[in-house]
Amino acid sequence: MAEKEKTFEEITNHLVTSGFVYPGSEIYGGLSNSWDYGPLGALVKNHVKDLWLRHFVRGIEYNVQIDPAIIMNPKVWEATGHVSNFHDPLVDCKYCHARFRADDLVKKQLKDVDVDGMTTDQLNDIVQSGKIVCPTCGKASFTPIRQFQMMFKTFIGVTEDHTSTVYLRPETAQGIFVNFKNVMRTTRRKLPVGICDIGKAFRNEITPGNFTFRTREFEQMEIEFFFKPGEDEKWFQFYKDNCKAFVEKMGLKDEKVRFRDHEPAELAFYSKATTDIEYLFPTLGWGELMGIACRGDYDLTKHQESSGQDLTYLDPDTNTRYLPHVIEPSFGLDRLMLALFCDSYEVQSLDDGKDSRIVMHLDPELAPYTIAVMPLSNKLSDDAKKVFDGLRENYDAIFDTTGSIGKRYRREDAIGTPLCITYDFDSLKDQMVTVRERDSMKQERVKISDLNTYIQNFLGRNKVL
RNA sequence: GCGGCCAUUGUUCAGUGGUAGAACAUCAGCUUCCCAAGCUGAAUACGCGGGUUCGAUCCCCGUUGGCCGCUCCA
(Lines give C-alpha, C1' and ligand atoms only; values in the text may rest on other atoms or scores of the structure.)
Protein backbone atom coordinates (compact mmCIF):
# COMPACT_ATOMS: atom_id res chain seq x y z
CA MET A 1 0.00 0.00 0.00
CA ALA A 2 2.36 2.65 -1.22
CA GLU A 3 1.36 6.26 -0.83
CA LYS A 4 1.33 8.38 -3.96
CA GLU A 5 2.44 11.97 -4.02
CA LYS A 6 -0.44 14.31 -3.51
CA THR A 7 -1.00 17.82 -4.76
CA PHE A 8 -3.10 20.62 -3.37
CA GLU A 9 -5.12 20.74 -6.56
CA GLU A 10 -5.85 17.04 -6.45
CA ILE A 11 -7.12 17.34 -2.90
CA THR A 12 -9.32 20.37 -3.50
CA ASN A 13 -10.71 18.68 -6.57
CA HIS A 14 -11.71 15.75 -4.43
CA LEU A 15 -13.29 18.05 -1.86
CA VAL A 16 -15.40 19.77 -4.49
CA THR A 17 -16.47 16.66 -6.35
CA SER A 18 -17.39 14.66 -3.30
CA GLY A 19 -19.47 17.31 -1.53
CA PHE A 20 -17.24 18.81 1.12
CA VAL A 21 -17.01 22.20 -0.57
CA TYR A 22 -18.90 23.85 -3.43
CA PRO A 23 -17.95 26.95 -5.41
CA GLY A 24 -20.09 29.84 -4.11
CA SER A 25 -23.14 30.96 -6.13
CA GLU A 26 -22.19 28.45 -8.78
CA ILE A 27 -25.37 28.58 -10.90
CA TYR A 28 -24.79 32.31 -11.40
CA GLY A 29 -21.27 31.74 -12.62
CA GLY A 30 -19.77 31.76 -9.17
CA LEU A 31 -18.35 34.57 -7.09
CA SER A 32 -14.64 35.05 -6.87
CA ASN A 33 -13.10 33.25 -3.92
CA SER A 34 -16.34 32.33 -2.26
CA TRP A 35 -16.95 28.78 -1.20
CA ASP A 36 -19.87 26.97 0.37
CA TYR A 37 -19.55 23.93 2.57
CA GLY A 38 -21.63 21.02 1.29
CA PRO A 39 -23.21 18.36 3.51
CA LEU A 40 -19.89 16.68 4.27
CA GLY A 41 -18.04 19.92 4.91
CA ALA A 42 -20.80 21.20 7.17
CA LEU A 43 -20.60 18.04 9.26
CA VAL A 44 -16.83 18.28 9.57
CA LYS A 45 -17.15 21.92 10.52
CA ASN A 46 -19.59 21.04 13.28
CA HIS A 47 -17.21 18.42 14.55
CA VAL A 48 -14.15 20.68 14.54
CA LYS A 49 -16.09 23.40 16.35
CA ASP A 50 -17.33 20.85 18.81
CA LEU A 51 -13.83 19.56 19.48
CA TRP A 52 -12.62 23.11 19.98
CA LEU A 53 -15.47 23.95 22.35
CA ARG A 54 -14.82 20.81 24.34
CA HIS A 55 -11.13 21.57 24.57
CA PHE A 56 -11.06 25.31 25.12
CA VAL A 57 -14.39 26.10 26.75
CA ARG A 58 -15.42 23.03 28.68
CA GLY A 59 -11.85 21.92 29.12
CA ILE A 60 -10.44 25.11 30.59
CA GLU A 61 -12.15 26.12 33.79
CA TYR A 62 -11.57 29.85 33.34
CA ASN A 63 -13.29 30.04 29.97
CA VAL A 64 -16.79 30.92 28.83
CA GLN A 65 -18.30 31.27 25.38
CA ILE A 66 -20.28 34.21 24.02
CA ASP A 67 -21.78 34.92 20.62
CA PRO A 68 -21.59 38.60 19.77
CA ALA A 69 -23.03 40.41 16.73
CA ILE A 70 -21.23 40.77 13.45
CA ILE A 71 -22.39 44.33 12.91
CA MET A 72 -21.14 46.57 15.69
CA ASN A 73 -21.22 50.26 16.49
CA PRO A 74 -18.77 51.84 14.03
CA LYS A 75 -17.08 53.60 16.92
CA VAL A 76 -15.62 50.22 17.81
CA TRP A 77 -13.58 50.26 14.61
CA GLU A 78 -12.52 53.83 15.08
CA ALA A 79 -11.26 52.94 18.54
CA THR A 80 -9.26 49.97 17.31
CA GLY A 81 -7.76 51.88 14.40
CA HIS A 82 -9.35 49.65 11.81
CA VAL A 83 -11.07 52.55 10.09
CA SER A 84 -7.85 54.51 9.67
CA ASN A 85 -5.21 51.79 9.60
CA PHE A 86 -6.88 48.98 7.78
CA HIS A 87 -6.24 50.41 4.37
CA ASP A 88 -3.12 51.11 2.39
CA PRO A 89 -2.59 53.89 -0.14
CA LEU A 90 -1.47 51.90 -3.17
CA VAL A 91 -0.06 53.08 -6.49
CA ASP A 92 1.10 51.20 -9.57
CA CYS A 93 3.97 52.19 -11.81
CA LYS A 94 2.43 52.87 -15.21
CA TYR A 95 5.47 51.44 -17.01
CA CYS A 96 6.45 48.27 -15.23
CA HIS A 97 3.18 47.73 -13.30
CA ALA A 98 4.99 47.19 -10.03
CA ARG A 99 2.91 48.08 -7.00
CA PHE A 100 3.91 50.12 -3.99
CA ARG A 101 2.55 51.74 -0.92
CA ALA A 102 2.58 55.48 -1.60
CA ASP A 103 3.55 56.38 1.97
CA ASP A 104 6.49 53.98 1.81
CA LEU A 105 7.78 55.51 -1.41
CA VAL A 106 7.60 59.04 -0.08
CA LYS A 107 9.11 58.07 3.24
CA LYS A 108 12.09 56.41 1.58
CA GLN A 109 12.74 58.90 -1.20
CA LEU A 110 11.96 62.21 0.50
CA LYS A 111 13.46 61.91 3.92
CA ASP A 112 12.54 65.46 4.95
CA VAL A 113 8.82 64.99 4.30
CA ASP A 114 6.66 63.77 7.16
CA VAL A 115 4.04 61.47 5.68
CA ASP A 116 2.32 60.67 8.94
CA GLY A 117 -0.86 62.62 9.28
CA MET A 118 -0.83 63.56 5.63
CA THR A 119 -4.11 63.30 3.72
CA THR A 120 -4.44 61.04 0.74
CA ASP A 121 -4.69 64.06 -1.58
CA GLN A 122 -1.48 65.55 -0.24
CA LEU A 123 0.27 62.21 -0.57
CA ASN A 124 -1.04 61.85 -4.09
CA ASP A 125 0.25 65.30 -5.09
CA ILE A 126 3.75 64.31 -4.01
CA VAL A 127 3.66 60.99 -5.80
CA GLN A 128 2.42 62.64 -8.99
CA SER A 129 4.91 65.54 -8.74
CA GLY A 130 7.68 63.66 -10.50
CA LYS A 131 9.93 63.66 -7.46
CA ILE A 132 9.15 60.04 -6.75
CA VAL A 133 10.55 57.36 -9.03
CA CYS A 134 9.72 53.71 -9.40
CA PRO A 135 12.28 51.64 -7.47
CA THR A 136 11.98 48.91 -10.08
CA CYS A 137 12.30 50.73 -13.41
CA GLY A 138 13.25 54.29 -12.45
CA LYS A 139 10.35 55.98 -14.24
CA ALA A 140 8.29 58.64 -12.48
CA SER A 141 4.75 57.94 -13.57
CA PHE A 142 2.24 56.42 -11.22
CA THR A 143 -1.47 55.73 -11.19
CA PRO A 144 -3.47 57.80 -8.71
CA ILE A 145 -3.55 56.49 -5.16
CA ARG A 146 -6.21 53.94 -4.54
CA GLN A 147 -7.33 53.21 -1.02
CA PHE A 148 -8.08 49.66 -0.11
CA GLN A 149 -10.41 49.72 2.84
CA MET A 150 -10.28 46.21 4.16
CA MET A 151 -13.56 46.41 6.01
CA PHE A 152 -16.83 45.70 4.21
CA LYS A 153 -19.17 48.63 4.47
CA THR A 154 -22.91 48.55 4.61
CA PHE A 155 -25.67 50.82 5.80
CA ILE A 156 -28.16 50.81 8.63
CA GLY A 157 -31.16 53.07 8.59
CA VAL A 158 -34.92 53.15 8.49
CA THR A 159 -35.05 55.69 5.68
CA GLU A 160 -32.40 56.40 3.12
CA ASP A 161 -31.66 59.87 4.40
CA HIS A 162 -31.06 58.58 7.88
CA THR A 163 -28.61 55.88 7.03
CA SER A 164 -25.33 55.44 8.76
CA THR A 165 -22.33 53.49 7.68
CA VAL A 166 -21.56 50.30 9.53
CA TYR A 167 -18.95 47.64 8.94
CA LEU A 168 -18.90 43.89 8.92
CA ARG A 169 -16.42 42.96 11.61
CA PRO A 170 -12.91 42.24 10.29
CA GLU A 171 -12.19 40.13 13.37
CA THR A 172 -14.27 38.53 16.08
CA ALA A 173 -12.00 39.78 18.86
CA GLN A 174 -13.72 43.13 19.35
CA GLY A 175 -17.06 41.51 20.06
CA ILE A 176 -15.32 39.99 23.03
CA PHE A 177 -13.55 43.11 24.26
CA VAL A 178 -16.68 45.23 24.22
CA ASN A 179 -18.40 42.57 26.33
CA PHE A 180 -15.61 42.18 28.86
CA LYS A 181 -17.46 44.23 31.46
CA ASN A 182 -20.75 42.41 30.91
CA VAL A 183 -19.16 39.01 31.24
CA MET A 184 -17.29 39.93 34.40
CA ARG A 185 -20.44 41.32 36.00
CA THR A 186 -22.87 38.57 35.06
CA THR A 187 -20.61 35.57 35.57
CA ARG A 188 -19.23 36.98 38.88
CA ARG A 189 -15.86 35.54 37.95
CA LYS A 190 -12.40 36.49 39.11
CA LEU A 191 -9.39 36.71 36.84
CA PRO A 192 -8.16 34.88 34.96
CA VAL A 193 -11.10 34.74 32.60
CA GLY A 194 -11.16 33.62 29.00
CA ILE A 195 -13.97 34.68 26.69
CA CYS A 196 -14.38 32.51 23.60
CA ASP A 197 -16.27 33.08 20.38
CA ILE A 198 -16.82 31.23 17.14
CA GLY A 199 -18.04 33.38 14.30
CA LYS A 200 -17.60 34.91 10.91
CA ALA A 201 -15.33 37.80 10.08
CA PHE A 202 -14.99 39.70 6.83
CA ARG A 203 -12.01 41.26 5.13
CA ASN A 204 -11.90 42.77 1.71
CA GLU A 205 -8.58 41.17 0.91
CA ILE A 206 -6.77 42.42 -2.14
CA THR A 207 -5.52 38.98 -2.93
CA PRO A 208 -7.52 36.07 -1.66
CA GLY A 209 -6.95 32.63 -3.06
CA ASN A 210 -5.63 29.15 -2.58
CA PHE A 211 -9.08 27.65 -2.26
CA THR A 212 -10.53 28.20 1.23
CA PHE A 213 -7.15 29.23 2.66
CA ARG A 214 -7.76 32.94 2.16
CA THR A 215 -11.30 34.11 1.57
CA ARG A 216 -13.04 37.39 2.17
CA GLU A 217 -15.54 35.81 4.50
CA PHE A 218 -14.09 33.40 7.01
CA GLU A 219 -14.78 31.87 10.37
CA GLN A 220 -12.65 32.42 13.43
CA MET A 221 -12.51 30.69 16.77
CA GLU A 222 -11.03 33.18 19.15
CA ILE A 223 -10.25 33.49 22.81
CA GLU A 224 -9.39 36.67 24.66
CA PHE A 225 -7.85 35.52 27.89
CA PHE A 226 -7.71 38.20 30.61
CA PHE A 227 -5.34 38.03 33.55
CA LYS A 228 -3.35 40.05 36.02
CA PRO A 229 -0.49 42.05 34.44
CA GLY A 230 2.81 40.30 34.92
CA GLU A 231 1.49 36.81 34.30
CA ASP A 232 1.91 37.17 30.53
CA GLU A 233 4.63 34.59 30.17
CA LYS A 234 2.78 31.97 32.17
CA TRP A 235 -0.45 32.19 30.18
CA PHE A 236 1.33 32.51 26.87
CA GLN A 237 2.97 29.18 27.58
CA PHE A 238 -0.31 27.76 28.85
CA TYR A 239 -2.00 28.46 25.52
CA LYS A 240 0.95 27.27 23.49
CA ASP A 241 0.65 23.95 25.29
CA ASN A 242 -3.09 23.83 24.80
CA CYS A 243 -2.87 24.64 21.13
CA LYS A 244 -0.37 21.85 20.74
CA ALA A 245 -2.72 19.46 22.52
CA PHE A 246 -5.60 20.59 20.34
CA VAL A 247 -3.66 20.05 17.13
CA GLU A 248 -2.81 16.56 18.37
CA LYS A 249 -6.46 15.85 19.12
CA MET A 250 -7.32 16.82 15.57
CA GLY A 251 -4.85 14.19 14.46
CA LEU A 252 -2.64 16.44 12.32
CA LYS A 253 0.70 14.82 11.62
CA ASP A 254 3.39 16.11 13.96
CA GLU A 255 6.00 16.73 11.29
CA LYS A 256 3.59 18.92 9.31
CA VAL A 257 2.94 21.32 12.16
CA ARG A 258 5.32 23.91 13.50
CA PHE A 259 5.24 26.71 16.04
CA ARG A 260 6.92 29.85 14.79
CA ASP A 261 7.69 32.80 17.04
CA HIS A 262 7.46 36.16 15.34
CA GLU A 263 10.61 38.21 15.04
CA PRO A 264 10.36 41.58 16.82
CA ALA A 265 10.18 43.39 13.46
CA GLU A 266 7.33 41.19 12.35
CA LEU A 267 5.11 41.88 15.33
CA ALA A 268 1.91 43.84 14.97
CA PHE A 269 2.04 47.21 16.70
CA TYR A 270 -0.22 46.06 19.53
CA SER A 271 1.59 42.81 20.22
CA LYS A 272 4.47 42.08 22.55
CA ALA A 273 4.91 38.52 21.35
CA THR A 274 3.22 36.30 18.83
CA THR A 275 3.50 32.65 17.94
CA ASP A 276 2.04 31.27 14.76
CA ILE A 277 1.09 27.67 14.40
CA GLU A 278 1.65 26.66 10.84
CA TYR A 279 0.83 23.67 8.71
CA LEU A 280 2.82 22.35 5.78
CA PHE A 281 0.25 22.30 2.99
CA PRO A 282 1.00 20.25 -0.11
CA THR A 283 2.09 22.48 -3.01
CA LEU A 284 1.51 25.71 -1.04
CA GLY A 285 4.06 25.20 1.72
CA TRP A 286 3.77 26.48 5.26
CA GLY A 287 0.59 28.37 6.05
CA GLU A 288 -0.71 29.83 9.27
CA LEU A 289 -3.57 28.02 11.00
CA MET A 290 -3.67 29.96 14.21
CA GLY A 291 -1.79 32.52 16.17
CA ILE A 292 -1.27 33.24 19.83
CA ALA A 293 -0.67 36.92 20.53
CA CYS A 294 0.21 38.80 23.68
CA ARG A 295 -1.87 41.94 23.40
CA GLY A 296 -1.12 43.46 26.81
CA ASP A 297 -3.83 45.93 27.76
CA TYR A 298 -3.86 47.55 24.31
CA ASP A 299 -7.48 46.76 23.42
CA LEU A 300 -9.07 47.54 26.76
CA THR A 301 -7.10 50.78 26.98
CA LYS A 302 -8.33 51.85 23.56
CA HIS A 303 -11.93 50.97 24.35
CA GLN A 304 -11.75 52.64 27.71
CA GLU A 305 -10.48 55.84 26.12
CA SER A 306 -12.97 55.83 23.29
CA SER A 307 -16.06 54.75 25.17
CA GLY A 308 -15.37 56.68 28.34
CA GLN A 309 -16.34 53.58 30.31
CA ASP A 310 -14.30 52.25 33.17
CA LEU A 311 -13.07 48.83 32.05
CA THR A 312 -10.72 48.21 34.94
CA TYR A 313 -10.92 45.14 37.11
CA LEU A 314 -11.15 45.43 40.87
CA ASP A 315 -8.78 42.82 42.23
CA PRO A 316 -10.42 41.46 45.37
CA ASP A 317 -7.12 40.19 46.73
CA THR A 318 -5.30 43.51 46.64
CA ASN A 319 -8.29 45.83 46.43
CA THR A 320 -6.65 47.62 43.52
CA ARG A 321 -7.95 48.43 40.07
CA TYR A 322 -6.14 47.65 36.87
CA LEU A 323 -6.68 46.80 33.23
CA PRO A 324 -6.07 43.09 32.72
CA HIS A 325 -3.54 41.89 30.17
CA VAL A 326 -4.66 39.67 27.34
CA ILE A 327 -3.45 36.59 25.51
CA GLU A 328 -5.28 36.00 22.26
CA PRO A 329 -5.29 32.53 20.74
CA SER A 330 -6.99 32.92 17.37
CA PHE A 331 -7.88 30.02 15.10
CA GLY A 332 -8.88 30.09 11.44
CA LEU A 333 -11.61 27.47 11.31
CA ASP A 334 -11.61 27.17 7.53
CA ARG A 335 -7.84 26.80 7.50
CA LEU A 336 -7.95 24.22 10.21
CA MET A 337 -10.41 22.24 8.13
CA LEU A 338 -8.30 22.62 5.02
CA ALA A 339 -5.24 21.39 6.90
CA LEU A 340 -7.29 18.49 8.20
CA PHE A 341 -8.39 17.55 4.70
CA CYS A 342 -4.86 17.78 3.31
CA ASP A 343 -3.44 15.86 6.22
CA SER A 344 -5.88 12.99 6.02
CA TYR A 345 -6.07 12.59 2.25
CA GLU A 346 -4.30 9.58 0.87
CA VAL A 347 -4.36 7.67 -2.38
CA GLN A 348 -3.47 4.07 -1.69
CA SER A 349 -2.29 1.68 -4.34
CA LEU A 350 -3.73 -1.77 -3.94
CA ASP A 351 -2.86 -5.02 -5.70
CA ASP A 352 0.51 -3.81 -6.96
CA GLY A 353 -0.88 -0.68 -8.48
CA LYS A 354 -3.69 -2.29 -10.44
CA ASP A 355 -6.21 -0.70 -8.16
CA SER A 356 -6.32 2.27 -5.85
CA ARG A 357 -8.51 3.86 -3.24
CA ILE A 358 -8.79 7.36 -1.84
CA VAL A 359 -8.85 7.32 1.93
CA MET A 360 -9.49 10.27 4.19
CA HIS A 361 -7.88 9.24 7.45
CA LEU A 362 -10.01 11.59 9.51
CA ASP A 363 -10.25 11.15 13.23
CA PRO A 364 -13.55 9.30 13.84
CA GLU A 365 -14.77 12.27 15.87
CA LEU A 366 -14.16 14.63 12.97
CA ALA A 367 -15.20 12.54 9.97
CA PRO A 368 -18.47 13.68 8.35
CA TYR A 369 -20.15 10.36 9.05
CA THR A 370 -19.17 8.01 11.82
CA ILE A 371 -21.04 5.08 10.36
CA ALA A 372 -22.36 3.88 7.03
CA VAL A 373 -25.01 1.18 7.02
CA MET A 374 -25.40 -0.90 3.88
CA PRO A 375 -27.39 -3.97 2.89
CA LEU A 376 -25.36 -6.59 1.05
CA SER A 377 -28.24 -6.98 -1.40
CA ASN A 378 -31.08 -4.66 -2.25
CA LYS A 379 -33.45 -7.33 -1.00
CA LEU A 380 -32.13 -6.73 2.50
CA SER A 381 -32.77 -2.99 2.38
CA ASP A 382 -35.77 -2.96 4.71
CA ASP A 383 -34.01 -4.94 7.43
CA ALA A 384 -30.77 -2.98 7.08
CA LYS A 385 -32.75 0.23 7.29
CA LYS A 386 -33.94 -0.79 10.75
CA VAL A 387 -30.34 -1.04 11.92
CA PHE A 388 -29.68 2.37 10.39
CA ASP A 389 -32.73 3.87 12.08
CA GLY A 390 -31.47 2.57 15.39
CA LEU A 391 -28.20 4.45 15.00
CA ARG A 392 -28.93 7.64 13.14
CA GLU A 393 -30.18 9.66 16.07
CA ASN A 394 -27.04 9.13 18.09
CA TYR A 395 -24.48 9.26 15.31
CA ASP A 396 -23.88 11.01 12.05
CA ALA A 397 -24.76 8.03 9.89
CA ILE A 398 -25.48 7.38 6.24
CA PHE A 399 -27.42 4.61 4.50
CA ASP A 400 -26.22 3.39 1.11
CA THR A 401 -27.81 0.72 -1.06
CA THR A 402 -26.39 1.36 -4.51
CA GLY A 403 -23.51 -0.38 -6.21
CA SER A 404 -21.53 -3.39 -5.17
CA ILE A 405 -20.45 -3.66 -1.57
CA GLY A 406 -16.82 -3.07 -2.51
CA LYS A 407 -17.72 0.07 -4.38
CA ARG A 408 -19.63 1.31 -1.37
CA TYR A 409 -16.65 0.68 0.90
CA ARG A 410 -14.52 2.76 -1.45
CA ARG A 411 -17.06 5.56 -1.44
CA GLU A 412 -17.00 5.71 2.36
CA ASP A 413 -13.18 5.54 2.41
CA ALA A 414 -13.11 8.54 0.12
CA ILE A 415 -15.12 10.67 2.55
CA GLY A 416 -13.48 9.25 5.65
CA THR A 417 -16.26 7.22 7.23
CA PRO A 418 -14.45 5.13 9.85
CA LEU A 419 -17.00 2.31 10.18
CA CYS A 420 -19.12 0.47 7.62
CA ILE A 421 -21.84 -1.86 8.82
CA THR A 422 -22.99 -4.49 6.35
CA TYR A 423 -26.24 -6.36 6.74
CA ASP A 424 -26.17 -9.70 4.89
CA PHE A 425 -28.36 -12.76 4.43
CA ASP A 426 -27.01 -14.38 7.58
CA SER A 427 -28.00 -11.30 9.55
CA LEU A 428 -31.62 -12.30 9.09
CA LYS A 429 -30.94 -15.46 11.07
CA ASP A 430 -28.22 -14.60 13.56
CA GLN A 431 -28.88 -10.88 14.08
CA MET A 432 -25.23 -10.12 13.47
CA VAL A 433 -23.66 -7.65 11.06
CA THR A 434 -20.19 -7.16 9.60
CA VAL A 435 -18.36 -4.10 10.85
CA ARG A 436 -15.57 -3.02 8.56
CA GLU A 437 -12.94 -0.53 9.66
CA ARG A 438 -11.65 2.14 7.27
CA ASP A 439 -7.90 2.28 7.88
CA SER A 440 -7.17 -1.41 8.44
CA MET A 441 -9.97 -2.73 6.18
CA LYS A 442 -10.48 -5.39 8.82
CA GLN A 443 -13.88 -6.94 9.38
CA GLU A 444 -15.62 -8.19 12.46
CA ARG A 445 -18.98 -9.83 13.17
CA VAL A 446 -20.96 -7.93 15.77
CA LYS A 447 -24.39 -8.55 17.27
CA ILE A 448 -26.84 -5.84 16.30
CA SER A 449 -27.78 -5.46 19.96
CA ASP A 450 -24.11 -4.82 20.81
CA LEU A 451 -23.52 -2.24 18.06
CA ASN A 452 -23.90 0.78 20.27
CA THR A 453 -21.36 -0.51 22.77
CA TYR A 454 -19.05 -1.53 19.96
CA ILE A 455 -19.12 1.95 18.42
CA GLN A 456 -18.62 3.65 21.76
CA ASN A 457 -15.60 1.48 22.40
CA PHE A 458 -14.30 2.20 18.95
CA LEU A 459 -14.61 5.95 19.41
CA GLY A 460 -12.98 5.73 22.81
CA ARG A 461 -10.17 3.61 21.40
CA ASN A 462 -9.44 6.07 18.69
CA LYS A 463 -9.66 9.18 20.75
CA VAL A 464 -6.29 10.87 21.06
CA LEU A 465 -6.26 12.28 24.55
C1' G B 1 -6.99 46.31 -8.90
C1' C B 2 -2.67 45.19 -12.83
C1' G B 3 0.00 41.56 -16.17
C1' G B 4 0.17 36.30 -18.25
C1' C B 5 -2.49 31.57 -19.26
C1' C B 6 -7.33 29.07 -19.43
C1' A B 7 -12.98 27.85 -20.00
C1' U B 8 -16.74 21.26 -23.90
C1' U B 9 -21.83 16.87 -18.93
C1' G B 10 -20.21 15.51 -11.93
C1' U B 11 -14.72 14.53 -13.30
C1' U B 12 -10.76 13.88 -17.01
C1' C B 13 -10.14 14.48 -22.07
C1' A B 14 -11.71 14.31 -27.74
C1' G B 15 -13.82 17.30 -31.74
C1' U B 16 -16.06 20.52 -35.82
C1' G B 17 -18.00 27.32 -39.31
C1' G B 18 -23.71 23.17 -40.57
C1' U B 19 -25.41 22.71 -32.52
C1' A B 20 -21.01 17.17 -30.21
C1' G B 21 -18.18 11.83 -28.74
C1' A B 22 -15.29 8.70 -25.00
C1' A B 23 -13.76 6.99 -20.21
C1' C B 24 -14.82 7.17 -15.17
C1' A B 25 -18.67 8.78 -11.91
C1' U B 26 -24.30 8.93 -11.28
C1' C B 27 -29.35 6.62 -11.69
C1' A B 28 -32.77 2.23 -12.86
C1' G B 29 -33.00 -3.17 -13.68
C1' C B 30 -30.63 -8.37 -13.37
C1' U B 31 -27.01 -10.85 -10.14
C1' U B 32 -26.69 -14.38 -1.80
C1' C B 33 -22.84 -8.57 -4.24
C1' C B 34 -17.95 -8.58 1.88
C1' C B 35 -13.26 -4.36 -1.03
C1' A B 36 -14.24 0.01 -7.78
C1' A B 37 -16.86 -7.49 -11.44
C1' G B 38 -20.37 -8.18 -15.43
C1' C B 39 -24.77 -7.38 -18.56
C1' U B 40 -29.05 -4.07 -20.12
C1' G B 41 -30.93 0.70 -20.19
C1' A B 42 -31.16 6.16 -18.80
C1' A B 43 -30.00 11.25 -17.68
C1' U B 44 -26.48 15.19 -17.99
C1' A B 45 -22.09 19.75 -21.43
C1' C B 46 -19.97 23.65 -25.55
C1' G B 47 -19.57 29.89 -18.71
C1' C B 48 -22.48 34.37 -20.04
C1' G B 49 -23.64 38.67 -23.44
C1' G B 50 -22.88 41.03 -27.98
C1' G B 51 -20.85 41.05 -33.07
C1' U B 52 -19.30 38.81 -38.05
C1' U B 53 -22.07 34.97 -40.88
C1' C B 54 -27.41 31.98 -44.34
C1' G B 55 -25.58 29.47 -39.89
C1' A B 56 -20.96 29.72 -34.45
C1' U B 57 -19.17 25.52 -29.44
C1' C B 58 -15.28 26.86 -33.11
C1' C B 59 -13.72 33.63 -35.60
C1' C B 60 -13.87 38.89 -33.12
C1' C B 61 -15.18 42.04 -28.80
C1' G B 62 -16.84 42.36 -23.94
C1' U B 63 -17.97 40.06 -19.38
C1' U B 64 -17.80 36.36 -15.54
C1' G B 65 -15.13 32.60 -13.29
C1' G B 66 -10.46 29.75 -12.55
C1' C B 67 -4.99 29.26 -12.25
C1' C B 68 0.05 31.80 -11.86
C1' G B 69 2.88 36.45 -10.30
C1' C B 70 2.61 41.86 -7.39
C1' U B 71 0.40 44.11 -1.78
C1' C B 72 -2.01 41.38 3.32
C1' C B 73 -3.24 37.93 7.03
C1' A B 74 -6.63 33.97 10.56
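Throughout, protein chains are lettered first and strands after them, A, B, ... in sequence-line order, and every chain is numbered starting at 1.
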Under the rule for side chain to side chain donor-acceptor pair (under 3.5 Å), what residues qualify as partners of [X], not counting sequence neighbours?
X: A:Tyr279; result: A:Asp343
X: A:Tyr22; result: none
X: A:Trp35; result: none

A correct dot-bracket answer for RNA chain B, with pairs being Watson-Crick or G-U at under 3.5 Å, [ ] for crossing pairs and | for inter-strand pairs, is (((((((..((((....[..)))).(((((.......)))))....(((((..]....))))))))))))....

Atom pairs, N/O to N/O, protein against nucleotides 37-44 of chain B, distance under 3.5 Å?
unit_1: B:A37; atom_1: OP2; unit_2: A:Ser404; atom_2: OG; d: 2.6

Could you work out, with salt bridge (Lys or Arg N to Asp or Glu O under 4.0 Å) as the rule, every residue matching A:Asp297, not counting sequence neighbours? none

Is a salt bridge present between A:Glu412 and A:Arg438, judged by a nitrogen-to-oxygen distance below 4.0 Å? no

Residues within residues 366-379 of chain A bordering RNA chain B, heavy-atom distance below 4.0 Å: A:Leu376, A:Ser377, A:Asn378, A:Lys379

Any N/O pairs under 3.5 Å between the protein and nucleotides 62-64 of chain B? List them or say none.
none

Taking only residues two or more places apart in sequence, or in another chain, which ones meet A:Ala367 in a side-chain contact (heavy atoms from CB on, under 4.5 Å)? A:Leu362, A:Pro418

Among residues at least two apart in sequence or on other chains, which ones pass side-chain contact (heavy atoms from CB on, under 4.5 Å) with A:Leu284? A:Phe8, A:Asn210, A:Phe281

May I have all residue pairs that pass ring pair (Phe, Tyr, Trp, His ring centres under 6.0 Å) and include part of residues 397-453 of chain A, sequence neighbours excluded? A:Phe388-A:Phe399

Rounding to an integer number of angstrom, what distance separates B:U57 and B:G21 when you compare their P atoms? 16 Å

Quick note, salt bridge (Lys or Arg N to Asp or Glu O under 4.0 Å) partners involving residues 416-425 of chain A, not counting sequence neighbours, are A:Asp424-A:Arg445

Please determine whether a side-chain nitrogen or oxygen atom of A:Thr402 lies at a distance below 4.0 Å from atom OP1 or OP2 of B:C27. yes

